[in-house]
Amino acid sequence: MPTTLTITPPGDYVLARDFCSYGYFLLEPNHWEPETGSAGRVLHLEGGAAAAVIDQRPSGQLRARFDRSLDRSEQGEARRQLSRMLGVDVPRSEVEAFHRADPRWKKSGRGRLCRSPTLFEDMIKTVTSCNVAWPSTITMNRRLCEVMGKRSPSGGYAFPTPRRLARAKPMTLRSRCRVGYRDARIVELAKLYVKGRIDEAWLSDPATPGDDVFRFLTSLPGIGPYAAGNIMQLLGRYDRLAIDTESFRHARVVLGMDGTDAQLSKQLAEYYDAFGDHRFRSYWFELWDFYESRKGPAHTWEKHTTGTTFTASQLNK
DNA sequence: GGTAGACCTGGACGC
DNA sequence: GCGTCCAGGTCTACC
């Protein structure tokens, strides 16, 4: 008998808004079904892969229907992974604190950002988003799942585990998953993960200074200043920006700034200082607002059409 | 500490 | 349809 789990989110939680809030909701093995307003995802659990379809009931509760039966231990793990992915673990009080710092988002209720079920997946997804156009990031993640991920009973693929990627040959990742020169860096990152050299509890601990986290992350293979900033927001640390070329486009087109990239970086830092510990969220929702002004609400985006159109040339039109 | 150039892929563009 | 150019962030070597 396939398992169905019920998850009670914070009272202000809206699945369509809070899941469709960051580009990773468009990357395999994540799915969003605009027609039914449901999310899909294959999770890697102790007993193998299991696909879940998640929707929100009129009561506000989330329902996750799996394609196989999960034992008690797997149910606990599935809850933990889904909570992280959906942002259910971000309490209402935190979203309200963000709205006090930046009231522009109070009306829409935005405050949560979609992320992956695991930090490892967030790290690899970030590496696949560096130095590449968005359509290539989509391809890399799809192929990583198809080539390296476990298959669920209903046929979808999970994201590969650290153990699986640590065993992979770099050339296989390059030729079959199209990750290019990122091949060895991905394998090295997975090996560090397997060896326990990446301490998620320490990285997530609010008591750990942000500068220490940033320094550690930039010491990892394939992770530079942009990737470290992005991983930090995925860790729930929103006090610093992740500056890439999209940031410069945003600075020029939306914020009306001018100058060299170095000058823009400085201006962006000064502008977002006003939002204190929430500066990444303020930055991100401005960016997301711009995308939605061009493409319509994110929860209406079709993965294989709208979802693939985020290229620099399209956005600059 | 700052910077130039290589890395790899695929979209955009010109013919 | 084909060939060429270029965008994209990190890393290494060099000054």
Asks: Decide whether a cation-pi geometry holds between R115(A) and Y24(A); the criteria are a distance under 6.0 Å from NZ or CZ to the six-membered ring centre and an angle within 45° of the ring axis.
Replies: no
Asks: Would you say R178(A) reaches dG10(B)'s phosphate, i.e. side-chain N/O to OP1/OP2 under 4.0 Å?
Replies: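 Yes, within the criterion.
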Asks: Hey, are K125(A) and D122(A) close enough for a salt bridge, meaning a charged N less than 4.0 Å from a carboxylate O?
Replies: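 A salt bridge is absent here (no side-chain N lies under 4.0 Å from a carboxylate O).
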Asks: Could you tell me how far apart L189(A) (CG) and dC11(C) (P) are, to the nearest whole angstrom?
Replies: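 Going from CG in L189(A) over to P in dC11(C) covers 10 Å.
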Asks: I need the CZ-P distance between R143(A) and dC8(B), as an integer number of Å.
Replies: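 Those two atoms, CZ and P, are 17 Å apart.
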Asks: Taking only the side-chain nitrogens and oxygens of R174(A), find out if one of them lies under 4.0 Å from OP1 or OP2 of dC8(B).
Replies: yes
Asks: Does the separation of the ring centres of Y238(A) and H278(A) fall below 6.0 angstrom?
Replies: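 No, the ring centres sit 6.0 Å or more apart.
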Asks: Please report the distance, rounded to the nearest Å, between CD1 in I186(A) and P in dC8(B).
Replies: 13 Å
Asks: Using a 4.0 Å heavy-atom cut-off, does I243(A) contact any base of the nucleic acid, only the sugar-phosphate backbone, or nothing at all?
Replies: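 Answer is nothing: I243(A) stays at 4.0 Å or more from every strand.
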Asks: Let's see if you can work this out: which of dG9(C), dG11(B), dT10(C) has an atom nearest to the side-chain heavy atoms of D244(A)?
Replies: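 Side chain of D244(A) sits closest to dG9(C).
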Asks: Between D289(A) and F285(A), is there a donor-acceptor pair closer than 3.5 Å when you use the side chain of the first and the backbone of the second?
Replies: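 Checked: no pair found.
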Asks: In whole Å, what is the span from the CZ atom of R185(A) to the C1' atom of dC7(B)?
Replies: 7 Å
Asks: Check whether the side chain of Y181(A) and the base of dG9(C) form a donor-acceptor pair under 3.5 Å.
Replies: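 Donor-acceptor pair under 3.5 Å: yes.
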Asks: Between atom CG in L173(A) and atom P in dC8(B), what is the gap in whole Å?
Replies: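 Nearest whole value for this atom pair: 14 Å.
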Asks: Look at T245(A) and dG8(C) and indicate whether a side-chain polar atom (N or O) is within less than 4.0 Å of OP1 or OP2.
Replies: yes
Asks: In whole angstrom, what separates E246(A)'s CD from dA7(C)'s P?
Replies: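 Distance check: E246(A) CD to dA7(C) P gives 14 Å.
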Asks: Crowded around R68(A) CZ? As in, over 12 foreign heavy atoms under 6.0 Å?
Replies: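 Result for CZ/R68(A): enclosed.
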Asks: For K125(A) and dG9(C), give me the distance from atom NZ to atom P, rounded to whole Å.
Replies: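 One finds 19 Å between P of dG9(C) and NZ of K125(A), rounded.
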Asks: Rounding to an integer number of Å, can you tell me how far R249(A) CZ sits from dG8(C) C1'?
Replies: 14 Å
